[in-house]
There are 2 protein chains.
Amino acid sequence: MSSPKKPPLVRAPLNRERVSLAAVRLADESGLDALSMRNLAQELGVVPMALYKHVANKEELFDEMINALVLEIDPLQKDLEWKPALRHRILSARTVLLRHPWAPHVIESRTSASPVVLDYMDTLIGIFLKAGFSLDLTHHAMHALGSRMWGFIQEVFPTPESPTDPEELAEAFAQWSIRYPNIIEMATAANHTDESQRTQGCDDQFEFEFALDLMLDGFERLHKSGWSSTQVSRSQNASLESAVRGKRK
Amino acid sequence: MSSPKKPPLVRAPLNRERVSLAAVRLADESGLDALSMRNLAQELGVVPMALYKHVANKEELFDEMINALVLEIDPLQKDLEWKPALRHRILSARTVLLRHPWAPHVIESRTSASPVVLDYMDTLIGIFLKAGFSLDLTHHAMHALGSRMWGFIQEVFPTPESPTDPEELAEAFAQWSIRYPNIIEMATAANHTDESQRTQGCDDQFEFEFALDLMLDGFERLHKSGWSSTQVSRSQNASLESAVRGKRK
DNA sequence: ACCTGAACACCGTTCAAGT
DNA sequence: ACCTGAACACCGTTCAAGT
């Protein structure tokens with residue numbers, strides 16, 4: 001009953017690396033849902049339990065997959081200014097992520113950072129510090145970058161796809177224009193501005209870079225103005241907010 | 001063999017709302033892992049299959065949970081300027097999210113936006129447009145906000161917790177200082193700046209507001225300068241990036 | 001209309017045993 | 001040292017049946 005397509009009577013012995021690389025391949029090709037210990041074992045021509053000699057459990061397998069992924073990110077370019085250096089590294093992280101669509105979900109499920117992950121973060125922090133950023137501002141900047149440092153686009157809720165039938169589409173459009181006038185106004189405008197992109201949806205790469213540059217420019221401005229966290233900027237906004245809260249009560 | 005603690009011989013009839021509210025409660029109290037159709041049914045004193053009369057499958061249950069959550073967000077305050085209006089709404093979304101720790105994971109798993117979700121997004125877009133933002137800039141701003149509009153902090157990889165034994169801690173610290181000098185330098189500084197926060201870790205609320213204000217200030221600046229997406233800002237950075245790419249080749 | 005029981009096709013993981 | 005077989009305690013969901 002076993003598949004005749006898998007005849008490795010003599011099999012290369014399993015090891016941690018072979019297991020995690022196979023896991024990455026399986027997730028790349030068949031999606032994260034298909035990555036069960038049982039499926040992975042079958043892919044390796046082995047009984048499920050054999051995997052547990054090389055990986056303590058599925059969580060550890062995920063950790064190992066993330067390590068493989070982080071090692072794909074371009075190394076630091078030491079001769080660049082802080083801004084292009086950060087930009088290059090993070091855009092590289094993004095191209096890596098695009099090769100592994102399962103990555104965001106797996107990254108988010110990790111409960112602690114591995115040495116490989118910490119190395120990456122350490123180099124990013126190093127870029128800020130070497131450029132003379134204060135420890136304080138560097139700290140906040142790293143938090144503000146958040147998952148964007150891994151190349152996440154962090155969109156949620158893709159808009160439902162429009163019907164293909166033109167008549168249905170017209171009707172749907174009409175209903176939406178009433179219920180969600182602002183969305184429709186914005187979306188139709190966006191579709192016309194740049195004809196090079198696919199007719200529906202927008203250019204993810206552009207949106208990623210737009211947001212990244214917005215943050216980098218913001219960091220630069222705060223750095224140049226000698227910003228520190230014990231300053232006006234926050235309390236100003238905070239008092240606005242508490243004014244709003246008071247009003248509602 | 002059935003539990004003697006659940007004697008509702010006459011039970012209020014189930015409906016969609018009772019099912020989803022029970023799901024929210026179960027996830028709040030016991031975590032997302034505990035929210036299985038079987039557990040939920042037991043919580044409601046019913047056999048698992050009974051749920052499927054009110055909800056097509058587990059995905060639909062998740063959709064309904066998100067709806068319940070979005071409806072908890074403060075309504076729009078029409079008398080505010082665009083910036084405090086956005087700020088208030090998004091900070092409200094954040095407090096809602098903090099009440100429901102399972103929400104980020106569930107939100108990210110949704111494949112399309114429900115009417116309730118679209119309503120929320122429509123009002124945010126409306127705030128920009130009413131303030132005179134171009135359709136173009138509004139579109140990019142919404143993407144740049146990304147999951148932050150739902151109050152996500154979007155941290156990943158919490159640093160591993162330090163050992164409690166002081167001797168181990170000293171040793172760990174020494175090793176980290178060598179391997180991750182920048183992380184250590186930044187982290188120790190951050191712990192000293194604000195004594196009001198817990199000794200380790202940092203103030204999540206501050207980091208969220210810092211990043212939010214950074215984006216809002218950026219939007220304001222672009223708006224005032226009449227920014228449009230067909231401009232220099234991008235090509236400038238893009239040419240920098242391609243210069244880097246060329247260099248590496 | 002609403003609920004039930006039994007079953008199907010899966011999971012991750014433990015344990016004791018094989019070579 | 002490395003792999004196996006059988007089993008355990010779970011999943012979401014289908015189907016045919018009950019009241």
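Labels below follow one simple rule: chain letters A, B, ... track the order of the sequence lines, proteins then strands, and each chain is numbered from 1. Nothing here was measured: the structure is a model prediction, and the numbers come from that model.
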| query | In chain order, what residues pass the side-chain hydrogen bond (donor to acceptor under 3.5 Å, both in side chains) check against A:Arg16, with sequence neighbours excluded? | reply |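 Partners of A:Arg16 by the side-chain hydrogen bond (donor to acceptor under 3.5 Å, both in side chains) criterion, ordered by chain and then number, come out as A:Glu60, A:Glu64.
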| What pairs meet the salt bridge (charged side-chain N to carboxylate O under 4.0 Å, His left out) rule with one or both residues in residues 167-183 of chain B, with sequence neighbours excluded? |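 Output for this query lists A:Asp119-B:Arg179.
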| request: Could you name each residue pair satisfying salt bridge (charged side-chain N to carboxylate O under 4.0 Å, His left out) that touches residues 27-41 of chain B, not counting sequence neighbours? | output: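 Every pair satisfying salt bridge (charged side-chain N to carboxylate O under 4.0 Å, His left out) with a residue in residues 27-41 of chain B: B:Arg25-B:Glu29.
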| message | Using OP1 and OP2 only, check whether a side-chain N or O of B:His54 sits under 4.0 Å from C:dC2. | response |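 No, outside the criterion.
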| request: Any ring pair (Phe, Tyr, Trp, His ring centres under 6.0 Å) involving residues 94-126 of chain A? Give me the pairs, sequence neighbours left out, ordered by first then second residue. | output: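 Every ring pair (Phe, Tyr, Trp, His ring centres under 6.0 Å) pair that includes a residue of residues 94-126 of chain A, provided the two are not neighbours, is A:His100-A:Trp102, A:His105-B:His105, A:Tyr120-A:Trp150.
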| request: Could you tell me which residues satisfy side chain to side chain contact (heavy atoms under 4.5 Å, CB included) with A:Leu214, sequence neighbours excluded, listed by chain and number? | output: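 Only B:Met215, B:Phe219, B:Leu222 meet the side chain to side chain contact (heavy atoms under 4.5 Å, CB included) criterion with A:Leu214.
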| task | For A:Asp122, enumerate each residue passing the side chain to side chain contact (heavy atoms under 4.5 Å, CB included) test, keeping only those at least two apart in sequence or located in another chain. | result |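 So A:Asp122 forms a side chain to side chain contact (heavy atoms under 4.5 Å, CB included) with B:Tyr180, B:Pro181, B:Asn182, B:Ile183.
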| Partner set under salt bridge (charged side-chain N to carboxylate O under 4.0 Å, His left out) for A:Glu17, not counting sequence neighbours |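 Salt bridge (charged side-chain N to carboxylate O under 4.0 Å, His left out) check on A:Glu17 returns nothing, list empty.
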| field | Nucleotide-resolved protein contact map, nucleotides 11-17 of chain D, B/S/- at heavy-atom distance under 4.0 Å | value | BBBBB--
| field | Length of the line joining A:Arg18:CZ and D:dC2:P, which is rounded to integer Å | value |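 Those two atoms, CZ and P, are 13 Å apart.
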| Starting at CG of A:Leu44 and ending at C1' of D:dC3, how long is that distance when rounded to a whole Å? |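 That distance rounds to 13 Å.
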| said: Dot-bracket, 5' to 3', for DNA chain D please: Watson-Crick or G-U pairs under 3.5 Å, [ ] where pairs cross earlier ones, | where the partner sits on another strand, dots elsewhere. | reply: ||.|||||...|||||.||
| query | Does a side-chain N-to-carboxylate-O contact under 4.0 Å join A:Arg110 and A:Asp63? | reply |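 Yes, A:Arg110 and A:Asp63 are salt-bridged.
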